[in-house]
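Please read these numbers as outputs of a predicted model, since none were measured by experiment. The analysis underlying the following values was restricted to heavy atoms, covering all of them including side chains, and did not include hydrogens, waters or symmetry mates.
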Amino acid sequence: MRLSDEKIEEILFREKLQVAPFSKRALAFLIDEIIISMLFVFIFYADFTSFGEDRAELLQMISHTMIYLILLKYAYHSIFTFFYGASIGKLFVKIKIIQIDSLDTPDLFTSLLRCFFRLLGQELLYITYFFASGDRFVRTLHDRFVRTIVILQD
C-alpha cells in the first residue's frame, strides 16, 4: 500500500515523530564510511603492507578486494538496520530507520533490499541520494523503494 505524503505527515504528527534532517544523515554516513574503511584496512592490513614499493601489484590487490569491501558494506548496513534500525553512525547522531507502514525497525527482507539499493546508488555516483533534496521527508530513492523513513530518535 502506497501512502500519500499527506498520510505520512499525518502518521508522523500523530506518533510525534520527526524526520531526521539531511545534515544528520550526512554525518552518520561519514561516520559509517570511516568505520567500514577502518575495518577493511584492519582485515587486509597484512596484504596491503606486503607489497612494499610495487604499486602495480598493490593496485591489482585492491581491485581484487573491492568485492570484499562491497560485501562488508552490505553486511554492516543490513545487520545493523535489521537489529537496531540504525547503523553505528546513525546511533551516534541519534537517528533511526523505520518502516512507514509499521513504524517499526525494518524487517530482514526490507533491510537487505534497502541496503542493496543503497549500495547500487553509491556505485552509480550516489544517484539515490539526490532524491532526498526534493522530498519533504528527506527520503532517498532507496528509502522510497522499500517504504522506509529516517527519523530522530528519542
Starting at [atom1] of [X], measure out to [atom2] of [Y] and round the result to the nearest 0.5 Å.
{"X": "Phe92", "Y": "Leu27", "atom1": "CZ", "atom2": "CG", "answer": "7.0 Å"}
{"X": "Leu39", "Y": "Ile35", "atom1": "CG", "atom2": "CD1", "answer": "7.5 Å"}
{"X": "Ser102", "Y": "Gln99", "atom1": "OG", "atom2": "CD", "answer": "4.5 Å"}
{"X": "Leu108", "Y": "Leu113", "atom1": "CG", "atom2": "CG", "answer": "11.0 Å"}
{"X": "His64", "Y": "Asp47", "atom1": "NE2", "atom2": "CG", "answer": "12.0 Å"}
{"X": "Thr128", "Y": "Gln122", "atom1": "OG1", "atom2": "CD", "answer": "7.5 Å"}

Is any side-chain heavy atom of [Y] closer than 4.5 Å to one of [X]?
{"X": "Arg144", "Y": "Asp135", "value": "yes"}
{"X": "Glu33", "Y": "Met38", "value": "no"}
{"X": "Ile100", "Y": "Leu3", "value": "yes"}
{"X": "Phe117", "Y": "Thr140", "value": "no"}
{"X": "Ile151", "Y": "Lys96", "value": "yes"}
{"X": "Lys24", "Y": "Leu152", "value": "yes"}
{"X": "Leu91", "Y": "Gln153", "value": "yes"}
{"X": "Ile98", "Y": "Ile149", "value": "yes"}

| query | Would Val150 and Val138 count as a side-chain contact (heavy atoms from CB on, under 4.5 Å) if you check the C-alpha gap in whole Å, the side-chain angles of each, and the deciding distance to 0.1 Å? | reply | CA-CA 8 Å; Val150 181; Val138 198; over 6 Å; no
| message | Taking the ring centre of each residue, are Tyr126 and Phe130 less than 6.0 Å apart? | response |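 Distance test on ring centres: not under 6.0 Å, no.
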Between [X] and [Y], is there a shared hydrophobic cluster once you connect ILVMFWY residues whose side-chain heavy atoms come closer than 4.5 Å?
{"X": "Leu71", "Y": "Ile79", "answer": "yes"}
{"X": "Tyr68", "Y": "Phe116", "answer": "yes"}
{"X": "Met61", "Y": "Leu59", "answer": "no"}
{"X": "Ile36", "Y": "Leu120", "answer": "yes"}
{"X": "Phe109", "Y": "Tyr84", "answer": "yes"}

Can you give me every donor-acceptor pair (side chain of residues 9-19, partner residue at least two apart or in another chain, under 3.5 Å) with its distance?
residue : atom : partner : partner atom : Å
Glu9    : OE1  : Arg136  : NH2          : 2.3

| message | Name the residue from Phe83, Phe82, Tyr76 that meets the side chain to side chain contact (heavy atoms under 4.5 Å, CB included) definition with Phe80. | response | Tyr76
| said: Between Ser87 and His77, is the side-chain hydrogen bond (donor to acceptor under 3.5 Å, both in side chains) condition met? List the steps. | reply: CA-CA 6 Å; Ser87 62; His77 287 288; 4.7 Å; no
| task | Take the angle between the ring planes of Phe29 and Tyr129 and call it parallel below 30°, perpendicular above 60°, tilted in between. | result |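 Ring orientation, 0 to 90° scale: perpendicular.
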| request: Identify the heavy atoms of Ile97 and Pro106 that sit nearest to each other, and give their distance. | output: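 Scanning both residues, the minimum pair turns out to be O-CD, 3.5 Å.
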| task | Decide if atom OH of Tyr74 counts as having more than 12 heavy atoms of other residues, nucleotides or ligands within a radius under 6.0 Å. | result |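 Atom OH in Tyr74 is packed in, count exceeds 12.
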| Should we count CZ of Phe137 as having more than 12 external heavy atoms under 6.0 Å? |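 Yes, enclosed.
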| task | Run the numbers on Arg25 and Asp32 for salt bridge (Lys or Arg N to Asp or Glu O under 4.0 Å), then give the verdict. | result | CA-CA 10 Å; Arg25 292 184 72 169; Asp32 289 333; over 6 Å; no
| query | Among pairs that include at least one residue of residues 108-130, which meet salt bridge (Lys or Arg N to Asp or Glu O under 4.0 Å), considering only residues two or more places apart or in two chains? | reply | Arg114-Asp143
| Counting N and O atoms only, with roles assigned by atom type, does the side chain of Thr65 sit under 3.5 Å from a partner on the main chain of Ile62, one being a donor and the other an acceptor? |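 Yes, the answer is positive, given that a donor and an acceptor are paired below the 3.5 Å cut-off.
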| message | Could you check whether any side-chain N or O of Thr81 sits under 3.5 Å from a backbone N or O of Ser78, counting only pairs where one atom can act as donor and the other as acceptor? | response |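 Not confirmed, Thr81 side chain does not pair with Ser78 backbone.
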